[in-house]
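Letters A, B, ... mirror the listed sequences (proteins, then strands); counts begin at 1. These numbers come from a predicted model, not from an experiment.
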Number of protein chains: 2
Amino acid sequence: MLTEKQRLDIHNSDVPVVCQSCEARHKGICGALSPEQLAFLGKHTTRTSFDRERELAANDTDIETYSNILSGVVKLTKLMADGRQQIVGLQFAPDFLGRPFAEQNVVSAEAATQVRLCSFPKWVIEEIIERSPRMERKLYQQTLRELDEAREWMLTLGRKTACEKVASFLLLVASHVDPEAQTQSGMVTIELPLKRADIADFLGLTVETVSRQLTHLRKRGVVEVVSSRSITVGSLYRLQAAAESGSDK
Amino acid sequence: MLTEKQRLDIHNSDVPVVCQSCEARHKGICGALSPEQLAFLGKHTTRTSFDRERELAANDTDIETYSNILSGVVKLTKLMADGRQQIVGLQFAPDFLGRPFAEQNVVSAEAATQVRLCSFPKWVIEEIIERSPRMERKLYQQTLRELDEAREWMLTLGRKTACEKVASFLLLVASHVDPEAQTQSGMVTIELPLKRADIADFLGLTVETVSRQLTHLRKRGVVEVVSSRSITVGSLYRLQAAAESGSDK
DNA sequence: CGACGCCTTGATCAACTTCAAATTTTGTGG
DNA sequence: CCACAAAATTTGAAGTTGATCAAGGCGTCG
């Protein structure tokens, strides 16, 4: 007995082998492509793995490739002349990485964890966008989602206290790792994709403050710090409360 | 002798009268439409004027219309349960207002100044998006621009000092009112579309701090406060410096 | 083991907020 | 056009939050 997916893959035997079990084809943008388009894309595909901290694209340089994130977390950062830094976005698999219709990068992209990418030359994506309205639609919708997230984060950066910021960050990670986490209120363990310095750059704080607020949340019993990269949350409901008012109760 | 524009308008005599001299057709999204599509859109168009402070769309309510901004400035805001507020975007004519592919508003939209809108029922825009890839492209590109701006602003919110924030705000307004202002370095007078309380909500500060930083910039000779809503900048270059380091020199 | 990177904790300090009040601007009706 | 009330802005003094500076602990990898 074949599952629907298997039948589909047999039927579309011209789907590149590397794409056949790729998450980007199911949840990501490649799902918008016909087998022929996928085959075309597959011809110009490069899969690469990057160590943590590796720069994937530098600010103010020409855009040469676009990518799908196969696994890992990518941070998008802005840097000021004097070294101040702000993370302006986190991207998770199977997000599309890159800014269509631009010549130059306006942010730099860096691997926050070990990252695997499936990359394509700029012209290939441009051609596919022109030929596949469904692909463009997928990209458009991801951009709208990113804009929603950026605006949500602006509220966090502009108006929340340090403690609320840290709680908001934990919630953000929880919801990306496990989209259902939003609703459930039970116990969850969150693997943090960022080190303290990155969390600070994401929250507009210093490392010291992030650390202090984390111990503060621990002492209040909202979280348990299993290890520096792993946090257990007793009740997401309480964490949510901490992200909006801090005062608890 | 006819200009090219006049010839075009005569040729396309089925272009709705209200659209013929509309900025949205030249710089905005309506430029993507054929005369027939424009005629269809024109049938379902409502032009309305709103006083300053009027709410145009409330958070957590169903989306019923989309609009083009004909004139004025619209602020997009997020509100926390305890009343803290953050402006997460400013939109200027001839921006498109509204979030495609969503059922509900995730921000509220409010007129910052007197605003004139050209509004369309939700289904009309949805139908046009399906039928006009050029329209979808325009919307996609505006969204990408907004995302770029949101990320730029995240750096401002997270990492800049109060003084740098105020200077950044003045630059932002200057560049939207007069796109060429970016390059020129001469004297410019900026009409502020927001009152102090709104500026504070945009910058993640308090009214008092905004006011103090403005007088600080005045005493440093970077700006001249003509009236509370009108600021003259001697050198945009110096203002730019103030937006990135504060220390001047 | 020892060095290095990362994280935490403590003490002090500066920036921004809060609270309070004065001053200016704006809008309205006579 | 003026007078007056309401709203917006500015200014001052005191209080908090988070930053900075400094030191120490933990874990990992050679």
Atom CZ of R212(B) and atom C1' of dC16(C) are separated, to the nearest Å, by 9 Å

In whole angstrom, what separates H216(B)'s NE2 from dA15(C)'s P? 10 Å

Between dT9(D), dT11(D), dC6(C), spot the one nearest the side chain of S228(B), thanks. dT9(D)

Contact class for L214(B) (heavy atom, under 4.0 Å): base, sugar-phosphate, or nothing? nothing

Could you state the atom-to-atom distance from CD of E164(A) to P of dG18(D) in whole Å? 9 Å

The nucleotide from dT9(D), dC7(C), dT9(C) with an atom nearest the side chain of R229(B) is dT9(D)

Is it true that E146(A) and R99(A) make a salt bridge, defined as a side-chain N closer than 4.0 Å to a carboxylate O? no

Nearest of dT11(D), dG18(D), dG10(C) to any side-chain atom of L205(A)? dG18(D)

Considering only dA13(D), dC16(C), dG18(D), which nucleotide approaches the side chain of Q213(B) most closely? dC16(C)

d(CZ, R84(B); C1', dT17(C)) in whole Å: 13 Å

Between P of dT10(D) and NZ of K219(B), the distance in whole Å: 12 Å

For D198(A) and dC6(C), what is the distance between atoms CG and C1' respectively, to the nearest whole Å? 12 Å

Of the candidate nucleotides dA22(D), dT9(D), dG18(D), which contains the atom at the shortest distance from the side chain of T161(A)? dG18(D)

Please compare T215(B) and K195(B) by the position of their nearest nucleotide in DNA chain D and report the one closer to 5'. K195(B)

Spacing between E208(B) atom CD and dA21(C) atom P, to the nearest angstrom: 14 Å

Using a cut-off of less than 4.0 Å, is there contact between a side-chain N or O of T206(B) and OP1 or OP2 of dC16(C)? no

Please compare R52(B) and G204(B) by the position of their nearest nucleotide in DNA chain C and report the one closer to 5'. G204(B)

Is the shortest side-chain N/O distance from R196(B) to OP1 or OP2 of dT10(D) below 4.0 Å? yes

Can you see if the side chain of S211(B) gets near the phosphate of dT10(D) - specifically, an N or O under 4.0 Å from OP1 or OP2? yes

Short side-chain donor-acceptor distance under 3.5 Å, S230(B) and S227(B): no

For R212(A), does its backbone N or O pair with a side-chain atom of T215(A) as donor and acceptor, under 3.5 Å? yes

Integer-rounded Å distance: dC16(C) C1' and R159(B) CZ: 16 Å

Over 60° means perpendicular and under 30° means parallel, so tell me whether F202(B) and F169(B) are parallel, tilted or perpendicular. perpendicular

Between I231(A), V166(A), L171(A), V188(A), which is the residue that forms a side-chain contact (heavy atoms from CB on, under 4.5 Å) with L239(A)? L171(A)

